[in-house]
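These notes are about the structure you will find just below.
This one's a predicted model, so the numbers in the text were calculated from it and none came from an experiment.
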Amino acid sequence: MSENPVKETIVSNRETDLLARVPDGLYINGVWQSGGGDPIEVTDPATGLVLKRIANADAADGIRALDAAVDASASWAATAPRVRAEILRRAFDLLQERRDDFALLMTMEMGKPLAEANGEVSYGGEFLRWFSEEAVRISGRYGLNPEGTGTTVVSQHPVGPCLLITPWNFPLAMATRKIAPALAAGCTVVIKPAELTPLTTLYFAQLLEDAGVPAGVVNVITTSESSAVAGPIIADPRLRKLSFTGSTPVGRKLIQQAAQGVLRTSMELGGNAPFVVFEDADLDKAVDGAMLAKFRNIGQACTAANRFIVHESIAAEFARRLTIRVAALKIGRGTDSGVTIGPLVNEAAVASTDALVRDAVTRGATLLAGGVRPDGPGSFYEPTVLTGVAPGSAILHEEIFGPVVGIVTFADEDEAVRLANSTEYGLIGYVFTRDLARGHRMIGRLETGMMGLNTGLVSNAAAPFGGVKQSGLGREGGLEGIHEYLSTKYTLIPVS
């Protein structure tokens, strides 16, 4: 896998046509318009070539987007839940019709293999369908109070205008996971996609307009100056909600800013997921789970397995089987036939991943596969397997965000739990065991917001996604997801 993974790329007519149909402006109050900054160049990480130049918002553009969301807020909140639901369902249907376009666009701007991009279209679309159904199920309660002196009415109301900040790694799913519950609840939004992968969100905004979302309900600002644009919006007293997915350090800063306005916040932050394999595990299932949990999205996911904690009696065999599977992965541009590992998102990601591998090797880890950057264009890094990772290695404490497996061993359950919980993060954990009682114990013992038991993939629109400790606040998806965008009001009606 050390050969140049990308041949000289000639962009297909289909790609050229698709890029021409992707809007290049800011979407404010239902109008595509220019921005105050110099254009942003969006590049293909597999080739380094520029895909498209788009508008670059400045602080004034951000406030104009908020103005539009505020102006549309009352009318959208008063829109019948069934109407909001039908618009979201139309958006779901349109996404299925245009799924090939969205999958190709994500592969071009983010790098993931086309098959995985298609999977993201399915996953992202489910948030539109799920919350279209939840929009008509917003409810409260009504009844006589315990003293018999009055009637208690508890009702739910949209929190108001929201700022949604999405990451680069799942350009569609992160947008739908935030926009769908906000709209279902009756909130208007300003969404700021990541500078590296904004095209999918722009194309999705066009789809929402086609689905019937009124002007001002969804506004999209793309910018290369995130803090300069987001800061004034967060400081504006008209904003009532902030939802962010990204790194923990950035999340902490946003929480500090949001505190000034006492904003409702949802924070889906960093992860350092343990992947625990007990001695009684089905090794075939464990290896299958490892391939999913580690190499999906090229390892660039907050849910990616970060630390492989394997019982000492089976660690060598687990590593052997996993290395065989890793060696069979095919690197290349995600549009090429048979490719299973695309590029990392940029050169900085390659450098960071390689530094973690080099540090682990220097501290005594054994390299079983990969650990090399291929020659040629694009920000590629070979899928890597390390065993004997020593305590104190950076790879055990930092979120890797790359296709690297680092294996450590344990002797008993208590040690496995101690190793798994020895992190400031707590997003997700994975456990493989045939012992049902042990599996149930691990649900209680792992300090995570989510857990996969004998599976390497847990994300589902109908389930609450989120973490504990430094991995964030709030939940996205599931019954819980819409409540992040609702406020509870209690009313007392005295007995006359």
Side-chain angles (χ1 to χ4, degrees), residues 22-43 51-73 76 105 109-110 160-180 182-183 187-209 213-246 250-251 253-254 257-258 261 263 265-266 485:
V22 174
D24 60 6
L26 311 176
Y27 187 63
I28 300 175
N29 201 27
V31 178
W32 294 100
Q33 48 198 273
S34 59
D38 295 332
I40 297 170
E41 291 187 343
V42 182
T43 61
L51 294 170
K52 195 175 181 76
R53 292 175 176 83
I54 62 171
N56 190 356
D58 60 17
D61 296 321
I63 293 299
R64 287 194 299 111
L66 179 60
D67 290 342
V70 170
D71 291 345
S73 182
W76 183 247
L105 188 58
E109 69 170 338
M110 185 267 160
C162 307
L163 174 61
L164 315 177
I165 303 176
T166 57
W168 51 262
N169 54 342
F170 290 95
L172 178 66
M174 297 302 96
T176 59
R177 198 162 78 180
K178 296 181 188 298
I179 291 174
L183 267 56
C187 299
T188 58
V189 306
V190 176
I191 183 167
K192 190 201 77 62
E195 179 186 358
L196 293 172
T197 59
L199 302 182
T200 300
T201 305
L202 294 173
Y203 200 45
F204 183 61
Q206 182 66 67
L207 181 150
L208 291 175
E209 182 179 290
V213 174
V217 173
V218 174
N219 306 275
V220 183
I221 50 172
T222 52
T223 182
S224 61
E225 300 291 338
S226 294
S227 59
V229 172
I233 298 175
I234 295 170
D236 194 300
R238 298 173 299 170
L239 186 74
R240 296 314 314 143
K241 163 81 180 183
L242 170 63
S243 178
F244 169 75
T245 298
V250 174
K253 293 178 182 178
L254 291 174
Q257 295 176 44
L263 297 181
T265 59
S266 298
Y485 296 89

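At distances below 3.5 Å, not a single donor-acceptor pair connects side-chain atoms of K241 with backbone N or O atoms of A182. At least one donor-acceptor pair closer than 3.5 Å links the side chain of Q33 to the backbone N or O of I28. In terms of modelled atom types and a separation under 3.5 Å, the side chain of N29 and the main chain of A65 share no donor-acceptor contact.
Shown here are the side-chain contact (heavy atoms from CB on, under 4.5 Å) partners of S73, two or more places apart in sequence or in another chain: P161, T188. Residues forming a ring pair (Phe, Tyr, Trp, His ring centres under 6.0 Å) with Y27 (at least two apart in sequence, or on another chain): W32. Among residues two or more places apart in sequence or in another chain, the salt bridge (charged side-chain N to carboxylate O under 4.0 Å, His left out) test is passed with R64 by D61. Checked against side-chain hydrogen bond (donor to acceptor under 3.5 Å, both in side chains), T200 has the following partners two or more places apart in sequence or in another chain: E109. Checked against side-chain contact (heavy atoms from CB on, under 4.5 Å), A173 has the following partners two or more places apart in sequence or in another chain: E120, Y123, F170. Partners of T223 under the side-chain hydrogen bond (donor to acceptor under 3.5 Å, both in side chains) rule, at least two apart in sequence or in another chain, are N56. Residues forming a side-chain contact (heavy atoms from CB on, under 4.5 Å) with I63 (at least two apart in sequence, or on another chain): D67, P232, I233, D236, R238. Every residue was checked against the side-chain hydrogen bond (donor to acceptor under 3.5 Å, both in side chains) condition with S34, not counting sequence neighbours, and none meets it.
Between L263 and R240 the shortest side-chain heavy-atom distance falls below 4.5 Å. Side-chain atoms of L172 and Y203, non-hydrogen and from C-beta on, never get closer than 4.5 Å to each other. Annotation: side chain of L163 is in contact with side chain of V190 (closest heavy-atom distance under 4.5 Å). Looking at heavy atoms from C-beta onward, N169 lies out of side-chain contact with T197 at the 4.5 angstrom threshold. Side-chain contact between T166 and P171 is absent, with no heavy-atom pair separated by less than 4.5 Å.
With rounding to the nearest 0.5 angstrom, the CG atom of L242 is 5.5 Å from the CG atom of L254. The OG1 atom of T201 lies 13.5 Å from the CD atom of Q206; values are rounded to the nearest 0.5 Å. Remark: C162 SG to L66 CG distance equals 10.5 Å, nearest 0.5 Å. Expressed to the nearest 0.5 Å, how far CE of M174 lies from OG of S243 amounts to 10.0 Å. Between atom CD1 of residue I40 and atom OG1 of residue T222 there is a gap of 4.5 Å, rounded to the nearest 0.5 Å. Rounded to the nearest 0.5 Å, atoms OG (S266) and OH (Y485) are 5.5 Å apart.
Annotation for A68 and N219: closest pair CB-OD1, 3.5 Å, computed over non-hydrogen atoms. The two residues L26 and I221 make their nearest non-hydrogen contact at CD2-CA, 4.1 Å. Here the closest heavy-atom approach between residue F204 and residue I179 is recorded as CE2-CD1, 4.0 Å. Considering all non-hydrogen atoms of both residues, L202 and P23 come closest at CD1-O, 3.4 Å. Here the shortest heavy-atom pairing between V229 and G62 reads CG1-CA, 4.1 Å. Shown here for G231 and Q257, the closest heavy-atom pair between the two residues is CA-OE1, 3.8 Å.
Sorted by first and then second residue, the salt bridge (charged side-chain N to carboxylate O under 4.0 Å, His left out) pairs involving residues 189-208 (not counting sequence neighbours) form an empty list. Among residues at least two apart or in separate chains, there is no salt bridge (charged side-chain N to carboxylate O under 4.0 Å, His left out) pair with a member in residues 220-232. Each salt bridge (charged side-chain N to carboxylate O under 4.0 Å, His left out) pair with one or both residues in residues 163-179, not counting sequence neighbours, appears once here: R177-E268, R177-E476, K178-E476.
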Dump the intermediate steps for side chain to side chain contact (heavy atoms under 4.5 Å, CB included) on L183 and W76, then the final yes or no.
-> CA-CA 8 Å; L183 267 56; W76 183 247; 4.0 Å; yes
